[in-house]
Amino acid sequence: MPIHDRRQRAAVDQLVEEYTEQGLSRREFVRRAVGLGLSFSAAGALLAACGGGGASSSNTVDVLNVWGGEEQASFKAVVAPFTSQTGIKVNVESTRDLDSVLTARIQANNPPDIAILPNPGKMQQLAQRGKLIALDSFLDMGQIQNDYASAWISLGSYNGKLYAIFYKAANKGTIWYNPSQFSNNHYSIPTSWSDMINLSNTIAKSGKYPWSMGVSSQAASGWPAADWIAQIYLNQSGPDMYDKWVAHQIPWTDPSIKSAFQMFGQIVTGSHYINGAPQSILATGFQQASYLPFDSPPQAYMYYLGDFTAGFISTQFSSLQPGTGFNFFPFPTINSQYAGAVTGGADVVTALRNTTAVQKLVKYLATAQAQEIWVKRGGFTSVNKSVSLSAYPDPVAQASAKMLTTASFYRFGADDLMPPAMEDAFWKAMLDYISTPGNLNSILNGLEATASQAYAS
Amino acid sequence: MATIAKHTDQQDNARPTFKTRRASSRDWQTAWLWAGPAVVFVAVFLVYPVFNTIWLSLLDSTSTTFVGLKNYQIIFTNPSLLEVLRNNLLWLVLGTVVTVFLGLVIAVLVDRVRIESLAKATIFIPMAISFVGAGVIWSLVYQYAPVGQPQIGLLDAILTRFGLPPQAWLVNASVDNFALIIVYVWIWTGFCMVIISAALKSIPSEIIEAARIDGASEISIFFRITIPMINSTLVVVATTMVINLLKIFDIIYVMTGGNYHTNVIAVAYYQQLFSFNNFGVASALAVVLLLAIIPIMYFNIRRFRAEARQ
């Protein structure tokens, strides 16, 4: 099927999109395809390649996600009642390399029915390129507005339309500690940043290392440090400046951003704060580093990472009870105006094909009942207000969920909201900053240069 | 063809002689019948994508507007992408020289030892491991833990045993590239060694013996007789290494993800295409890689033709 003319090819692409997403009829499709210059048999072949939109997709849904092992088992448990109720089969495809699989399938006009993306930045990009189905066209928006705070609805929207449901949320305002160590040494939980620095100095003076930190994560190394910056920035400069930062309405060289980096630097370069800093920070994995406060004897006393850390700790130290063996305290206040501000993350459920089966599954996933199934299994925090807190299996999960739903200000992790090229540069900049904090100005200038390109495309 | 015909005539009358004649149109038809499918295959899966990629490299990140050479400008001015090109050059030079040199030295040394097959097998075994597997193995060897914690990484365990401070091999920008190149050398030296060893065995032993009788030392035999005689093999091995090294991906991706100034073209291409969805820069990187490989291909083809003519 030789289509050499680029405009003609764009018109055919447009036609295919209209067919697969907006339910053009087959006869109309063939008529328009022939009108564009395809032969009748070529149009028929193209129609077949588009999947027909007929019986084959009315009782199966293809879901693409990044989960494996325990998480995937939980997702399948969530979906099982849906299948038994409606008879619609859910085929789950899982890949850690979601980016490349999704890109390839979208290019090939064979997108999955539903994609559960690990960050909303990608969702915004796909929505901008018109690859996602607007969910408000079939969801009961009254129910959605009842179940989800408006902050979550607007986070999942692009250009005023809802494109994503927030699913598995993460609370990134948690600092983990060992309660028995704290009580043995008479340390008190710090509530402000200066309290936390004083506590760190106290621990350091007694010859111990107060902090654990690890940012290694292969190609994504640096993201735990980016989480630090985002949380500090939100606590220090507030949600409006945060939004401006993420949208590149203020440059990376702005003093508020520099100040956030410098506060982070207090922890990285604090004397006797972190064992083997800065090399150990760069070379230790984020999961590895979470074990240090709970080793016997403890190698550190505090560790900052999102609430999913509970899973790492309980898997490694199965004898520790959540709440008594390990617990978290909320990220300390920096600016009292913004006390109680929380950054977080979530997986987002997006739809790429508009069929009745997909609509039903999305509606189901958004309900409190569906989410409670996973909540009870553990390792899942829901942002649905109708999920009761008592469904959470242990006090740590409950406290985290409560922190999320009652946060005074909530924002997504800044790196996840940025265009992918910017996010990557941000992570790499964190690695540079940790190894040479003195280069802060040139690092920020470099980020600003990348931003001017990354936000333009 | 005429030379071959004369040769067989003289050698063995029982063998059929091949008469040379001009190819008829039937010959051309038969040739196309056999070669046609392969030609079509190559045209569709090789030639068309090359031209398509070159075209895409002149468009913007979503392949909608023509931007000319802007993507190439980005590659040659953006400091992190320039570093990518520099790293590939480092890999190229160091990787080729070290693997071929080591392969040669080991092949020569192992040639006269009784445990020859055992030694060759041992050095060749890493070839059986995938790049990713080797990356995982060596990540563990290079793993770093600060002083006072148990050392999991083999290298750092040895260092701390002797009281030296442990190093973060994959994070320290002054050594990490070399650490990665060592992994490549570990895998591919066996290949070079095996091929060079076969070439060494084809050197007639009379020549070496004559040289020894004439009083030549081992070193001068090595440089003046051995190396010139296996020259073509060395070139084959070196070009294979060069082609391998230009597209090196797995080791860097698995061990450092391209961080800490270790990024190479193939990893950068992967990131641009799949993570950033920037089809323009990704295609431009692919074209740069293609241009880098063309001289080696040309050199190879010239050599094949020269050998075919002999």
Side-chain angles (χ1 to χ4, degrees), chain A residues 6 9-10 97-104 106-107 122 125-126 128-129 209 212 215-222 274-285 288 291-292 295 297 299-300 419-425 427-428 430-432 434-436 442 446 449-450 453-454 456-457, chain B residues 48 55 59-67 70-71 74 77-80 135-136 139 142-150 152-153 156 165-173 176 252-263 267-268 270-282:
Chain A
R6 198 149 272 272
R9 172 120 79 95
D97 219 346
L98 186 85
D99 274 345
S100 44
V101 172
L102 195 57
T103 307
I106 290 178
Q107 279 293 98
K122 187 94 192 172
Q125 197 185 47
L126 290 174
Q128 188 189 27
R129 292 183 185 187
Y209 290 102
S212 173
V215 303
S216 174
S217 174
Q218 268 112 35
S221 293
I274 301 175
N275 189 2
Q279 297 226 339
S280 62
I281 303 176
L282 299 173
T284 312
Q288 214 69 12
Y291 304 152
L292 263 51
D295 271 336
Q299 308 278 343
M422 188 72 242
E423 181 182 31
D424 188 80
W427 292 342
K428 290 194 169 33
M430 293 319 302
L431 300 178
D432 278 338
I434 292 172
S435 51
T436 36
S442 65
T450 310
Q453 272 177 12
S457 54
Chain B
Y48 165 68
W55 174 243
L59 303 179
D60 74 344
S61 62
T62 49
S63 303
T64 45
T65 35
F66 184 80
V67 292
K70 177 149 166 282
N71 291 320
I74 292 177
T77 52
N78 185 328
S80 59
V136 171
S139 295
Y142 289 136
Q143 194 156 15
Y144 165 87
V147 179
Q149 278 176 31
I152 299 177
D156 279 346
Q167 298 296 321
W169 303 98
L170 293 178
V171 160
N172 189 344
D176 53 10
I252 296 105
Y253 188 72
V254 166
M255 294 178 79
T256 58
N259 292 321
Y260 310 117
H261 308 286
T262 56
N263 215 1
V267 178
Y270 179 90
Q271 287 165 344
Q272 291 290 337
L273 183 62
F274 292 118
S275 303
F276 311 157
N277 277 346
N278 189 335
F279 297 119
V281 173

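Reminder, nothing fancy here: chain letters follow the sequence lines and each chain counts from 1. Only this structure's heavy atoms are used, side chains among them; waters, hydrogens and symmetry mates stay out.
- With a threshold of 4.5 angstrom between heavy atoms, B/Thr256 approaches chain A through N, CA, C or O but not through any side-chain atom.
- The only member of A/Leu431, A/Asp432, A/Leu282 that meets side chain to side chain contact (heavy atoms under 4.5 Å, CB included) when paired with B/Asn259 is A/Leu431.
- Across all non-hydrogen atoms, the minimal contact from B/Phe276 to A/Gln125 is O-NE2, 3.8 Å.
- A/Thr103 is listed as a side-chain neighbour of B/Asn277, based on a closest heavy-atom distance under 4.5 Å.
- When heavy atoms are compared at a cutoff of 4.5 Å, B/Val267 does not approach chain A at all.
- Using a 4.5 Å cut-off between heavy atoms, B/Gln271 touches chain A through its side chain atoms alone.
- Interatomic distance, OG1 of B/Thr62 versus CD of A/Gln128, reported as 9.0 Å (0.5 Å rounding).
- Here B/Tyr144 is the residue among B/Trp169, B/Tyr144, B/Tyr253 with the most heavy-atom pairs under 4.5 Å with chain A.
- Heavy atoms closer than 4.5 Å to chain B are found in the side chain of A/Gln299, but not in its backbone.
- By the salt bridge (Lys or Arg N to Asp or Glu O under 4.0 Å) test, B/Asp60 is found to be paired with no residue, residues two or more places apart in sequence or in another chain being considered.
- Using a 4.5 Å cut-off between heavy atoms, A/Leu292 contacts chain B through its side chain alone, with no backbone atom that close.
- Residues forming a side chain to side chain contact (heavy atoms under 4.5 Å, CB included) with A/Ser100 (at least two apart in sequence, or on another chain): A/Asp97, B/Tyr270, B/Phe274.
- Only the side chain of B/Tyr260 has a heavy atom closer than 4.5 Å to any heavy atom of chain A.
- Neither the backbone nor the side chain of B/Gln272 comes within less than 4.5 Å of any heavy atom in chain A.
- Heavy atoms of B/Val171 lying under 4.5 Å from chain A belong exclusively to its side chain.
- Rounding to the nearest 0.5 Å gives a distance of 8.5 Å between CD of A/Gln107 and CG of B/Leu273.
- Taking CD of B/Gln149 as the start and CD of A/Gln288 as the end, the distance is 9.0 Å to the nearest 0.5 Å.
- Between B/Ser275 and A/Pro420, the shortest heavy-atom contact is O-CB, 3.1 Å.
- Only the side chain of B/Ile74 has a heavy atom closer than 4.5 Å to any heavy atom of chain A.
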